[in-house]
Amino acid sequence: MEIQGEEQGVKSRVIKVDSIDTWEFYLSQAQNQGCPIAVHFTASWCMPSVAMNSFFEELASAYTDVLFLVVDVDDVKEVASKLEIKAMPTFVFMRDGLPVDKIVGANPDEIRKRLDGFVRSVHVIVA
């Protein structure tokens, strides 16, 4: 039982956005706190996207200063449309409420490399 609880604790680092209101709330909170955001745009029917879920959670555990959000494009079409998400999976890195980088496709090495660069640039700006 305790092991399941720990696994759930790890998963809680990634927040599921289920409405435009939830999206705007987290975007606003992150912006107010100067917190960078990593977003995984996914779809339940897209197997490469679903396969990236555990990788995204692994990143969330490693980069604790970043807010990690997951958006199912079928559930929150407004957000996907606003950010011009056309394929899944798509990963978007945001600062101050604006996208600064976008990666289309399931490429863990590239995502990790670009996230690392993004986080470093955020810390340089803040410092």
Side-chain angles (χ1 to χ4, degrees):
M1 285 280 207
E2 288 180 32
I3 293 172
Q4 285 180 344
E6 289 173 16
E7 287 175 2
Q8 287 173 351
V10 170
K11 289 183 181 184
S12 69
R13 284 278 305 132
V14 177
I15 299 167
K16 181 173 175 43
V17 173
D18 56 7
S19 70
I20 188 75
D21 291 337
T22 305
W23 170 259
E24 289 174 357
F25 171 79
Y26 283 110
L27 210 62
S28 173
Q29 290 295 310
Q31 197 169 347
N32 291 341
Q33 297 170 18
C35 179
I37 304 173
V39 189
H40 174 196
F41 286 92
T42 185
S44 58
W45 48 263
C46 176
M47 287 306 108
S49 199
V50 171
M52 293 299 289
N53 288 340
S54 61
F55 171 72
F56 197 63
E57 295 201 21
E58 179 187 316
L59 290 176
S61 296
Y63 294 90
T64 56
D65 293 341
V66 177
L67 174 63
F68 284 79
L69 302 176
V70 64
V71 177
D72 186 309
V73 297
D74 293 323
D75 293 343
V76 195
K77 290 182 173 87
E78 304 95 330
V79 175
S81 177
K82 186 175 180 180
L83 291 175
E84 300 179 359
I85 305 303
K86 309 242 187 276
M88 276 64 66
T90 295
F91 298 86
V92 177
F93 303 139
M94 302 179 71
R95 179 175 37 238
D96 299 325
L98 301 170
V100 295
D101 197 4
K102 182 189 281 189
I103 304 159
V104 178
N107 185 337
D109 292 337
E110 184 65 17
I111 294 163
R112 187 182 302 273
K113 181 176 115 185
R114 304 236 313 250
L115 178 60
D116 192 55
F118 170 63
V119 169
R120 289 172 193 260
S121 75
V122 169
H123 289 304
V124 167
I125 292 168
V126 170

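Using a 4.5 Å heavy-atom threshold, the side chains of Phe118 and Asp101 count as separate. Contact of the Arg120 side chain with the Asp116 side chain is registered, since non-hydrogen atoms from C-beta on lie closer than 4.5 Å. When side chains are defined from C-beta on, Met88 does not count as touching Met52, because their heavy atoms never get closer than 4.5 Å. Val39 is listed as a side-chain neighbour of Trp23, based on a closest heavy-atom distance under 4.5 Å. The side-chain heavy atoms of Leu67 and Gln29, taken from C-beta on, include no pair separated by under 4.5 Å. Residues Phe41 and Val79 form a side-chain contact, since some pair of their non-hydrogen atoms from C-beta on lies under 4.5 Å apart. Taking 4.5 Å as the limit, some side-chain heavy atom of Asp72 sits within range of a side-chain heavy atom of Ser44. Under the 4.5 Å side-chain criterion, counting only non-hydrogen atoms from C-beta, Ile111 is in contact with Phe55.
Atom-to-atom distance recorded for Lys86:NZ and Ser81:OG is 7.0 Å, nearest 0.5 angstrom. One finds the CD atom of Glu78 at 9.0 Å from the CG atom of Asp21 (value rounded to the nearest 0.5 Å). Summarising the geometry, atom CG belonging to Asp75 is positioned 12.5 Å from atom CD1 belonging to Ile20; distances are rounded to the nearest 0.5 Å. A distance of 10.5 Å separates CZ in Arg13 from CG in Leu59, rounded to the nearest 0.5 Å. Note: Ile85 CD1 to Thr42 OG1 = 11.5 Å, rounded to the nearest 0.5 Å.
Screening Ile15, Leu115, Ile37 against Phe68 for a side chain to side chain contact (heavy atoms under 4.5 Å, CB included) leaves a single residue, Leu115.
Taking each heavy atom of Pro89 and Ala106 in turn, the nearest pair found is CG-N, 3.8 Å. Nearest heavy atom pair, residue Asp65 against residue Cys35, reads O-SG, 3.5 Å. Taking each heavy atom of Val73 and Ala80 in turn, the nearest pair found is CG1-CB, 3.7 Å. Contact record, Asp74 with Ala43: OD2-CB, 4.2 Å, taken as the closest heavy-atom pair. Between His40 and Asn53, the shortest heavy-atom contact is CE1-OD1, 3.1 Å.
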>> As a quick check of understanding, evaluate side-chain contact (heavy atoms from CB on, under 4.5 Å) for Lys16 and Thr22, giving each step before the final call.
In response: CA-CA 9 Å; Lys16 181 173 175 43; Thr22 305; over 6 Å; no
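Within a 6.0 Å radius of NZ in Lys82, no more than 12 heavy atoms belonging to other residues, nucleotides or ligands are found. Within 6.0 Å of OH on Tyr63 lie more than 12 heavy atoms contributed by other residues, nucleotides or ligands.
When hydrophobic clusters are built by joining Ile, Leu, Val, Met, Phe, Trp and Tyr residues whose side-chain heavy atoms come closer than 4.5 Å, directly or via intermediates, Val71 is grouped together with Trp45. At a threshold of 4.5 Å between side-chain heavy atoms, the hydrophobic network of Ile, Leu, Val, Met, Phe, Trp and Tyr places Phe56 and Val50 in two separate groups. Taken together through direct or relayed side-chain contacts under 4.5 Å among Ile, Leu, Val, Met, Phe, Trp and Tyr, Val104 and Met47 form parts of separate hydrophobic clusters.
Side chain of Arg114 to main chain of Lys102: a donor-acceptor pair is present (N/O by atom type, distance under 3.5 Å, no hydrogens or angles). A donor-acceptor distance shorter than 3.5 angstrom exists from the side chain of Thr90 to the backbone of Ala87, with no hydrogens or angles considered.
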